[in-house]
Number of protein chains: 2
Amino acid sequence: MKPEVPSPVSRKVTLNDVARLAGVSVATASKALNGRKQVRAETRARVVEAAEQLSFSPNELARSLLADRTGTVGLLTNDLEGRFSIPILMGAEDAFGADSVAVFLCDARGDAIREKHHVQALLSRRVDGLIVVGSRTDPRPSLGRELSVPVVYAYAPSEDPEDLSIVVDNVGAGRSAVDHLVSTGRSRIAHITGDPTYGASQERAEGALAALADHGLSLVGEVRFGSWTESWGRAAASMLLGQHPELDAILCGSDQVARGVMDALREHGRTVPDDVAVMGFDNWEIFTNGARPTLTSVDMNFERLGRVAAQRLFAAIDGEPRSGVEALDTRVVIRGSTVPG
Amino acid sequence: MKPEVPSPVSRKVTLNDVARLAGVSVATASKALNGRKQVRAETRARVVEAAEQLSFSPNELARSLLADRTGTVGLLTNDLEGRFSIPILMGAEDAFGADSVAVFLCDARGDAIREKHHVQALLSRRVDGLIVVGSRTDPRPSLGRELSVPVVYAYAPSEDPEDLSIVVDNVGAGRSAVDHLVSTGRSRIAHITGDPTYGASQERAEGALAALADHGLSLVGEVRFGSWTESWGRAAASMLLGQHPELDAILCGSDQVARGVMDALREHGRTVPDDVAVMGFDNWEIFTNGARPTLTSVDMNFERLGRVAAQRLFAAIDGEPRSGVEALDTRVVIRGSTVPG
DNA sequence: GAAAGTGCCGAAAAGGCTTTCTGCGAACCG
DNA sequence: CGGTTCGCAGAAAGCCTTTTCGGCACTTTC
């Protein structure tokens with residue numbers, strides 16, 4: 001005697017099985033489960049029950065094949081271990097609403113060949129769209145215009161202005177950092193930042209200088225470029241204190257640099273924030289919250305970046321493409337290193 | 001006059017188009033492109049050329065539907081912003097060889113409901129297997145035994161011993177840390193660690209105590225549990241130095257804690273490593289390399305964890321399931337905080 | 001009481017691909 | 001020279017689902 005109901009999820013239950021158990025055709029079963037309005041309530045109930053009994057779960061592959069939409073997007077990153085991809089991924093997942101869309105994640109590791117390969121693989125899996133996340137803010141080569149699905153570039157913009165890119169407004173971030181320092185009464189502000197080959201360091205410095213000019217101030221010394229490390233922060237701060245002991249604030253190109261700067265200040269007997277204010281960029285909380293005092297920093301809103309990228313991609317998939325570069329603003333997160341208490 | 005060749009990748013080129021252009025049937029085209037041995041070399045060449053001309057890329061959906069394999073795995077994480085998922089993901093991507101397999105990434109954010117949901121979604125997309133990554137080392141609930149595809153648990157083991165789990169050997173990590181400290185001549189070793197509700201802190205402490213016993217030593221004071229933060233490290237170290245000024249090494253439960261401990265030591269006028277050696281766990285390089293001196297730490301080999309998990313999943317997909325908990329060993333990365341240098 | 005409408009259900013096609021099976025001409029064997 | 005392989009190409013079935021369309025049994029309308 002064969003069991004009426006095959007073992008729970010043993011092997012791939014199909015709509016056919018459901019239909020047979022409910023005593024209807026597959027067509028009716030499909031309509032019943034999808035809420036189509038051409039099936040009697042009683043029949044629908046029978047089908048639904050059969051489906052539950054078999055724990056039927058429709059084969060999305062078949063469905064996608066028919067609908068010519070997979071409900072799937074590819075996220076192509078180059079910075080998996082880095083600071084940017086993950087929050088962006090989170091934001092994107094958020095915006096997609098895990099209900100309807102799944103994310104294919106690939107890491108090209110900065111290699112163009114590998115990238116091509118991944119794009120090819122994603123396309124052959126018929127993703128509905130692509131988000132490309134860079135590892136730096138500098139423009140990157142476009143994937144091309146003939147790609148059969150929409151593409152949105154996040155963090156690093158595409159070199160092709162016809163593409164749509166969502167980026168962070170680093171110039172604005174620099175401005176708002178200086179604005180904050182000035183608003184806390186600082187006027188002798190220095191700037192120690194990271195690798196000069198990064199667009200981010202240049203742009204943040206540019207914004208900072210512009211804001212200083214707006215306030216009728218000028219930078220103490222020159223912009224100090226170096227690397228994105230704590231040790232550079234320490235070294236640069238020591239030098240700076242020797243040359244310009246009068247400074248009352250140091251704006252740092254990243255939270256890591258800021259940590260180094262704070263270390264150096266302490267060793268030079270300067271107190272933060274009363275004597276010297278310090279702030280960083282990125283709002284990387286493992287750094288900002290471990291600092292003494294906790295570190296004021298400019299948050300780049302990466303999650304929002306991810307959400308916006310996802311929304312734009314959706315819009316493009318639905319036939320409303322955009323192009324150009326969209327810069328999102330940032331926000332200053334105030335902590336103890338700029339205001340006492 | 002219509003163009004002979006439709007615009008490059010304009011809209012979804014199918015095998016049919018290729019076949020027509022090559023003047024053969026779809027069956028033959030399929031065989032030609034897949035290297036089946038039932039097609040003349042000359043015919044094959046014609047088909048291949050047609051495919052290239054149209055930049056044909058086979059629809060994996062259709063192929064999967066037929067083959068009942070998608071070449072797709074789901075990675076279900078609970079710790080996307082955390083320290084563990086990303087390297088594991090990298091290792092997994094590595095092992096899969098991006099050629100053949102794509103990874104669906106989902107973050108359940110520690111919510112069981114959301115997790116069920118994601119599993120359901122992944123299964124309906126017919127992934128070939130699942131890797132579940134936990135956010136802590138403590139055992140987690142199983143997804144169940146009747147899941148139609150193989151599952152491998154990584155980092156956090158499943159509560160069900162019939163499942164296969166790949167974890168880090170935290171006890172062994174604790175042992176090897178002490179072994180290293182002893183080998184550099186330390187004998188008055190204290191231990192400051194993190195949140196006591198974490199299995200990781202308990203197991204590392206257990207291993208450390210066992211190794212001390214093996215060396216005929218005992219811990220200086222008690223194990224100090226607290227939180228995984230720099231500030232806890234600072235506070236605990238200050239207390240400890242007051243009570244046990246004779247200590248010559250502090251083993252810290254994480255790199256963050258170690259950073260706090262090193263700060264406190266410096267402020268108490270103790271030098272590292274000559275006076276007191278310090279080491280951490282996790283080998284999180286943004287912390288270890290920013291420290292002064294750089295921090296010796298136990299690397300958990302997360303990438304290898306990911307690779308092994310992926311390999312085991314493959315084996316299971318290919319019909320060689322395993323079960324139980326497989327603990328991978330760790331390795332001490334020696335830097336300046338334990339050996340002068 | 002016939003014509004038109006309604007409500008439900010099933011047959012069939014479609015989507016793109018692989019695979020089996022059939023068929024056909026050529027080469028081979030006896 | 002008839003019959004058997006063999007090599008190669010095509011027709012068709014199948015994977016699983018959705019959707020269109022046709023059909024059947026009623027009910028409603030004049």
Side-chain angles (χ1 to χ4, degrees), chain A residues 6 9 11-48 50-51 54-72 100 121 123-128 148, chain B residues 6 9-48 50-51 54-72 121 123-128 148:
Chain A
V9 201
R11 259 320 171 197
K12 309 301 174 188
V13 181
T14 85
L15 191 58
N16 222 315
D17 303 325
V18 177
R20 200 175 325 126
L21 181 59
V24 299
S25 72
V26 282
T28 305
S30 171
K31 282 180 267 191
L33 293 177
N34 292 321
R36 290 280 162 287
K37 208 41 219 157
Q38 297 221 327
V39 47
R40 211 175 3 163
E42 190 258 338
T43 311
R44 182 187 311 276
R46 242 177 33 244
V47 173
V48 168
L54 300 175
S55 35
F56 168 72
S57 136
N59 187 330
E60 283 296 337
L61 265 51
R63 197 182 277 200
S64 302
L65 188 56
L66 210 47
D68 206 39
R69 278 190 81 259
T70 54
T72 288
S100 47
L123 254 33
S124 72
R125 291 203 158 79
R126 292 301 186 266
V127 292
D128 295 334
S148 82
Chain B
V9 201
S10 64
R11 259 319 172 198
K12 308 301 174 187
V13 181
T14 83
L15 190 58
N16 224 314
D17 303 324
V18 176
R20 200 173 329 124
L21 181 60
V24 299
S25 71
V26 283
T28 305
S30 171
K31 283 180 261 187
L33 294 176
N34 291 321
R36 289 282 162 286
K37 207 41 219 159
Q38 297 219 328
V39 49
R40 212 174 359 162
E42 191 259 337
T43 311
R44 182 185 312 274
R46 245 181 26 248
V47 173
V48 168
L54 300 175
S55 36
F56 168 72
S57 135
N59 187 331
E60 284 295 336
L61 265 52
R63 194 182 280 203
S64 302
L65 189 56
L66 209 48
D68 206 40
R69 278 191 82 260
T70 54
T72 287
L123 288 176
S124 72
R125 290 205 157 78
R126 294 300 187 264
V127 293
D128 294 335
S148 83

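Residue numbers begin at 1 in each chain, while the letters A, B, ... track the order of the sequences.
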| request: Please tell me if the side chains of A:Leu123 and A:Ser148 come closer than 4.5 Å, counting only heavy atoms from C-beta onward. | output: yes
| remark: Here the distance between atom C1' of C:dC9 and atom CZ of A:Arg46, to the nearest Å, is 11 Å
| said: What is the separation between atom CG on A:Leu65 and atom C1' on C:dG15, rounded to the nearest whole Å? | reply: 4 Å
| task | Provide, to the nearest angstrom, the distance between the CZ atom belonging to B:Arg69 and the P atom belonging to C:dT18. | result | 14 Å
| query | Are any side-chain N or O atoms of A:Ser30 and backbone N or O atoms of A:Val26, one a donor and one an acceptor, separated by less than 3.5 Å? | reply | no
| query | For C:dG16, does OP1 or OP2 lie under 4.0 Å from any side-chain N or O of B:Arg63? | reply | no
| Passing candidate, side chain to side chain contact (heavy atoms under 4.5 Å, CB included) with A:Phe56, options A:Asp17, A:Val18, A:Leu21 | A:Val18
| field | Between C1' of C:dA14 and CG of B:Asn16, the distance in whole Å | value | 13 Å
| note | Which of C:dA11, C:dC9, C:dT19 is nearest the side chain of B:Ser30? It is C:dT19
| query | Hey, where on DNA chain D does chain B first and last touch, going 5' to 3'? Cut-off is any atom under 4.0 Å from a heavy atom. | reply | D:dC8 to D:dC16
| query | Is there a donor-acceptor pair under 3.5 Å between the side chain of B:Thr70 and the backbone N or O of B:Arg126? | reply | yes
| query | Do the side-chain N or O atoms of A:Arg40 get closer than 4.0 angstrom to the phosphate oxygens (OP1, OP2) of C:dC9? | reply | yes
| note | Between A:Thr28 and B:Leu15, the residue closer to the 5' end of DNA chain C by nearest nucleotide is A:Thr28
| Main-chain N/O of A:Arg36 paired to A:Asn34 side chain as donor or acceptor, under 3.5 Å | no
| Quick one: B:Gln38 CD to C:dT22 C1', roughly how many Å, whole number? | 12 Å
| request: Measure from the side-chain N and O atoms of B:Arg46 to the backbone N and O of B:Ala22, and report whether any donor-acceptor pair falls under 3.5 Å. | output: yes
| task | Provide, to the nearest angstrom, the distance between the CG atom belonging to B:Leu61 and the P atom belonging to C:dC17. | result | 10 Å
| task | Starting from P on C:dC17, measure out to NZ on B:Lys12 and report it in whole angstrom. | result | 11 Å
| note | Per nearest nucleotide of DNA chain D, the residue lying toward the 5' end, B:Ala62 or B:Glu42, is B:Glu42
| task | Determine the contact category for A:Asn34: base if any of its heavy atoms lies under 4.0 Å from a base atom, sugar-phosphate if only primed atoms, P, OP1 or OP2 are that close, otherwise nothing. | result | sugar-phosphate
| task | Check if the side chain of A:Lys31 and the base of C:dG10 share a donor-acceptor pair of N or O atoms closer than 3.5 Å. | result | yes
| Any donor-acceptor pair under 3.5 Å linking the side chain of A:Asp128 with the backbone of A:Gly71? | yes
| A:Thr43 side chain N/O closer than 4.0 Å to the phosphate oxygens (OP1, OP2) of C:dC9? | yes
